[in-house]
Amino acid sequence: MFAPAKSRRQARQQISETRSLPAPVGGWNVRDSLALMKETEAAILDNWFPTTTDLQLRKGYINYSTGLSGTTETIVAYNAPSGTKKLFAFTSAGDLYDVTSPGAVGAAVITGLTNGRWQYVAYGTAAGNFILAVNGTDPMLRYNGTNWISVLSTTTGVALAVGGIVGNGTTATVSATGHKLQTGNTVTITGCTLGSAAFNVGPVAITKTGANTFTFASAYVGASTGAPVYTVSSGEVITGIDPATILTINSFKQRIWLIPKNSLSAWYLSASAISGAATEFPMSSFFIQGGQLQTMATWTIDVGIGIDDNAVFISSEGGVLVYKGTDPTSSTTFALQGVFRMGNPIGTRCQIKYLGDVYAITDQGVVPMSDAILTAQVTMKSDLTNKIQPAVATAIQAARSSFGWQLIPLPSQNMLIVNAPGSPTVQFVMNTITGAWCRFTGWNASCWEAQGGNIYFGGTGIVAQAWSGTTDAGSSIVADALPAFNYFGNRGRIKSFKAARPILLSDGSPSLTGVINVDYDTTAPTGALAYMPPSAGMVWGSMTWGSMVWGGSLSISKNWQYAGGVGYCGAFRFKAQNNGANVRWEAIDYVLETGGVIA
C-alpha cells in the first residue's frame, strides 16, 4: 500500500507587504506620461516645495501693509549705500504709497497717476542714489531718497495768467493747469513786475497742492502782475523723447537706456546722467519680424577673454539683438554681436537677471538667455520649465495679455518664482539647485519685489510679505500631491492596496485626507480637512504627536491611512492642511498584496 500523495498545489495565504518610496523631491512633472514618470516625481504638487532632501509645505504670508487704494501693481525697493531702505507701492487707483513700515499706510505720497504699472531701475551717480520709474503714460518719476519728482520733456517756460501767482506772506500759490509737477520739483519764476517781482525767484522747490496748483515759499502779499512764467529746472528734464512715452528702463555700462512704447528704437542718456538729451538708437532693420521693443536686459557672459556685460534687446516677436561695448555713439565702441530668435516674450516684466544669466518668460517657457541663443528653436529641452511646459502653456493661453507675469528669485530659499496671473493666479516655483518644480496656490499676487532677504507681493489693498509665518494671513495652508504611479516591481501583476502613510515631520497638528488611486486615476480625495489648533496637543488619529522627536523640534508622524484600491499600479493622492504648523514630507509607505496575472 502506498500512502496517498500530498497535492503539490498547496493553498497559499496572500501576505501583505510594506513598500517605502521617497518623497517626490524630483518635483512636478506635467510633460511625461503617467506611465513613464520617475518615482521621485509627482503628477500633482501644489504648495509642496521640493528641497534637496525632502518636501516642505510652503510658508505663508502676512499682510505687511494695509489700507492701500485699489490693487498694488508695482513694489519699488530703494537701497541706499548708507543703509537706508525704503519700500514703495504703486496702485491701480493711481496712488503711490510709502510702505516701508508695516501696518496701515498713511496718506498717499503721490495721487492722480494713470495706473500703477511701473518699471524702474536703481541708479547711482556722484549726486546720489536714485530710482527712475516709468509707465509709458505719466511723466517719469525720480526718487532721490527724500522726494519723488517728475521728469518732464522740456525746459521751455510755461506762461501763467495775469494774477496766476498769489502770495499770502508765507507761501505763493501758482495756478498752472495740468502742471504734472510733484513736491520737490524745482522751478524758476520770471516775468513778474512791480511789487510782485518778488516772485521772480529760482530755482525754488515747490509743493504740489493739486493737479492745477503748487506753492513755493514767498514773503510777498498780493497777486502777480506782468507776464509770469515758470520754467522747470534743466536737471529735471529729458529732451529728445518725451519721458511719458517710456515703457521700460535699464542701466547698462553707466548709462540709462529708455525703451518707449510702440517702437523698435531705444534711447540713451549721456554717461552717468539722469537727465539731459536722449539719443535715439534705431534697431528696426535688425528686427525682421517687426513688432515693438519689449525689454532690455544686461547679460553677463564669459567670452573667452574674461567676463563682460552685454546689452540684450528683445522684441515682442521674439527677436534678440546682443550688443557689446560701452559707448553707443560709435559702432567701434558699441557693436552688434548677434541676431537671434527665441519664443515671444510674455508681459512687460518678462525677464530678470539672475546669477549672471538672463531668464525670460516666453511662449516656449522660461528660457535662460545662455541657452536660447545656443539651442535651435525647434527644441525646448533647454527651457527651465521643460518638465512643466504643458501647464505653463495652458496658463499663457488663458492669460497671455493679463498683467502680472513676472520672474522673481528668492535666493535664501533657492527659489525662482514665475508669477502667472489668471483665475486663479498661481506661481510656478523652481528649486534653483535641483531644477525641481512645484506650484503655489493661494497667493493672489499681482506683482513682486525683494528687499533685505524678504520677498513681497502686491494684492488688493495690501502689500504682503511672502514666505513668512505658517498661515496665509491667518488661514491654514492646504497642500495637494499625487506622487508618480508605481508598479512596485511587478508591472504585469494586479495588486490590492490596503493602506498608505506619508512620513511627515511637523511641530503642530496638520490634518490629512487621502485616497490610493490605481491605474492612473487622478481623482482627488473627498474627505474633509479638520482644523486642529496647534495647542491641541498634536493628536492625529490614534497617535500622539511628540512621541517621536526629529532634530529636537519636529515630531514624526507615521499614521496609516486605510484607503485601498485594486489595480496594477498605485499612488497615494492626499491633501494636507497645516493648521498653522511647519510640515515636511520625507517618504511614503504602502501596504499591498500582489496577486497573479489576470488574462
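On a predicted model such as this, the values are computed, not experimentally measured, just so you know.
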Q: Between the side chains of Glu593 and Ser16, does any donor sit under 3.5 Å from an acceptor?
A: yes
Q: So, Phe88 versus Tyr97, ring centres under 6.0 angstrom or not?
A: no
Q: Distance from Asn486 atom CG to Glu39 atom CD, nearest 0.5 Å?
A: 5.5 Å
Q: Under a 4.5 Å cut-off applied to non-hydrogen side-chain atoms, are Val367 and Leu384 in contact?
A: no
Q: Does NZ belonging to Lys85 count more than 12 external heavy atoms closer than 6.0 Å?
A: yes
Q: Is any side-chain N of the basic residue among Arg573 and Asp480 closer than 4.0 Å to the acidic one's carboxylate O?
A: yes
Q: Would you call the rings of Phe574 and Phe572 parallel, tilted or perpendicular if under 30° counts as parallel and over 60° as perpendicular?
A: parallel
Q: How many angstroms lie between atom CG of Asn578 and atom OG of Ser511, to the nearest 0.5 angstrom?
A: 9.0 Å
Q: With distance as the sole test, does Asn431 use its side chain to make a donor-acceptor pair with the main-chain N or O of Pro50 at under 3.5 Å?
A: yes
Q: Report the distance from atom CD of Gln351 to atom OH of Tyr359, rounding to the nearest 0.5 Å.
A: 12.5 Å
Q: Taking atom types as modelled and ignoring hydrogens, do the side chains of Asn47 and Thr441 form a donor-acceptor contact shorter than 3.5 angstrom?
A: yes
Q: Quick test of your reading of the model: are Lys86 and Asp98 salt-bridged, counting only N-O distances below 4.0 Å?
A: yes
Q: What pair of heavy atoms forms the shortest contact from Thr298 to Val358, and how long is it?
A: O-CG2, 3.5 Å
Q: Under 3.5 Å, sequence neighbours excluded: what are the donor-acceptor pairs made by side chains of residues 393-403?
A:
from: Thr394; atom 1: OG1; to: Pro390; atom 2: O; distance (Å): 2.9
from: Arg400; atom 1: NH2; to: Asp363; atom 2: OD2; distance (Å): 3.4

Q: Determine, stepwise, if the pair Gln577 / Ile477 fulfils side-chain contact (heavy atoms from CB on, under 4.5 Å).
A: CA-CA 6 Å; Gln577 179 173 286; Ile477 303 165; over 6 Å; no
Q: Could you pull out the closest heavy-atom pair between Val105 and Ser65, with the gap in Å?
A: CG1-CB, 4.1 Å
Q: Within this structure, what is the CG-CG distance for the pair Leu504 and Leu554, rounded to the nearest 0.5 Å?
A: 11.0 Å
Q: Quick one, Gln451 and Leu87 - any side-chain contact, counting heavy atoms below 4.5 Å?
A: yes
Q: Would Tyr61 and Phe457 count as a close aromatic pair, with their ring centres under 6.0 Å?
A: yes
Q: Flag the pair Leu416 / Val429 as yes when at least one side-chain heavy-atom distance between them is below 4.5 Å, and no otherwise.
A: no
Q: Rounded at 0.5 Å granularity, tell me how far NZ in Lys353 sits from OG1 in Thr300.
A: 2.5 Å
Q: Which heavy-atom pair separates Leu482 from Ala571 by the least distance, and what is that distance?
A: CD1-CB, 3.8 Å
Q: Checking side-chain polar atoms at under 3.5 Å, does Asp507 have a donor or acceptor matched by the opposite partner on Asn582?
A: yes
Q: Assess the pair Tyr487 and Tyr568: is the distance between their ring centroids shorter than 6.0 Å?
A: no
Q: How about Tyr120 and Ile75: do any of their side-chain heavy atoms sit closer than 4.5 Å?
A: no
Q: Please tell me if the side chains of Thr348 and Gln119 come closer than 4.5 Å, counting only heavy atoms from C-beta onward.
A: yes
Q: Taking Thr470 for its side chain and Gly580 for its backbone only, find out whether a donor-acceptor pair lies under 3.5 Å.
A: yes
Q: Measure across Leu512 and Pro502 and return the closest heavy-atom pair with its distance rounded to 0.1 Å.
A: CD1-CG, 3.9 Å
Q: Under the 3.5 angstrom rule, does the side chain of Thr74 hit a backbone N or O of Trp118 as a donor-acceptor pair?
A: yes
Q: Please tell me if the side chains of Ile388 and Phe428 come closer than 4.5 Å, counting only heavy atoms from C-beta onward.
A: yes
Q: How long is the span from the CG atom in Leu55 to the CG atom in Leu57, to the nearest 0.5 Å?
A: 9.5 Å
Q: Ignoring hydrogens and angles, tell me if any N or O in the side chain of Thr91 forms a donor-acceptor pair with the backbone of Thr71 under 3.5 Å.
A: no
Q: Between Leu410 and Gly453, what is the shortest heavy-atom contact and its length?
A: CD1-O, 4.2 Å
Q: Please evaluate residues Asn115 and Glu73 with respect to the criterion side-chain hydrogen bond (donor to acceptor under 3.5 Å, both in side chains), reporting the C-alpha separation (whole Å), side-chain torsions for both, the decisive distance (0.1 Å), and the verdict.
A: CA-CA 9 Å; Asn115 61 59; Glu73 295 184 322; over 6 Å; no
Q: Indicate whether any N or O donor in one side chain lies under 3.5 Å from an N or O acceptor in the other, for Asn29 and Lys38.
A: no
Q: Report yes if some heavy atom in the side chain of Glu317 is under 4.5 Å from a heavy atom in the side chain of Asn344; otherwise report no.
A: yes
Q: Between Arg58 and Asp472, is the closest basic N to carboxylate O distance under 4.0 Å?
A: yes
Q: Without hydrogens or angle criteria, can the side chains of Ser20 and Asp589 be said to hold a donor-acceptor pair below 3.5 Å?
A: yes
Q: Taking atom types as modelled and ignoring hydrogens, do the side chains of Asn419 and Gln406 form a donor-acceptor contact shorter than 3.5 angstrom?
A: no
Q: Is a side-chain donor-acceptor pair under 3.5 Å present for Asp54 with Trp585?
A: no
Q: Evaluate the side-chain proximity of Lys495 to Val566: yes if any heavy-atom separation is below 4.5 Å, no if none is.
A: no
Q: Has Trp467 got a side-chain atom pairing as donor or acceptor with Asn454's backbone, closer than 3.5 angstrom?
A: no
Q: Indicate yes or no for a side-chain donor-acceptor contact from Thr471 to the backbone of Ser476 under 3.5 Å, with no hydrogens or angles considered.
A: no
Q: Ignoring hydrogens, what is the shortest heavy-atom contact between Ile346 and Thr362? Give both atom names and the distance.
A: CG1-C, 3.8 Å
Q: Would you check if the side chain of Tyr64 reaches a backbone N or O of Thr100 as a donor-acceptor pair within less than 3.5 Å?
A: yes
Q: Taking the basic N atoms (NZ, or NE/NH1/NH2) and the acidic carboxylate oxygens, is any pair closer than 4.0 Å for Lys387 and Glu41?
A: yes
Q: Sort out for me which residue in Val312, Val320, Asp309 forms a side-chain contact (heavy atoms from CB on, under 4.5 Å) with Trp299.
A: Val312
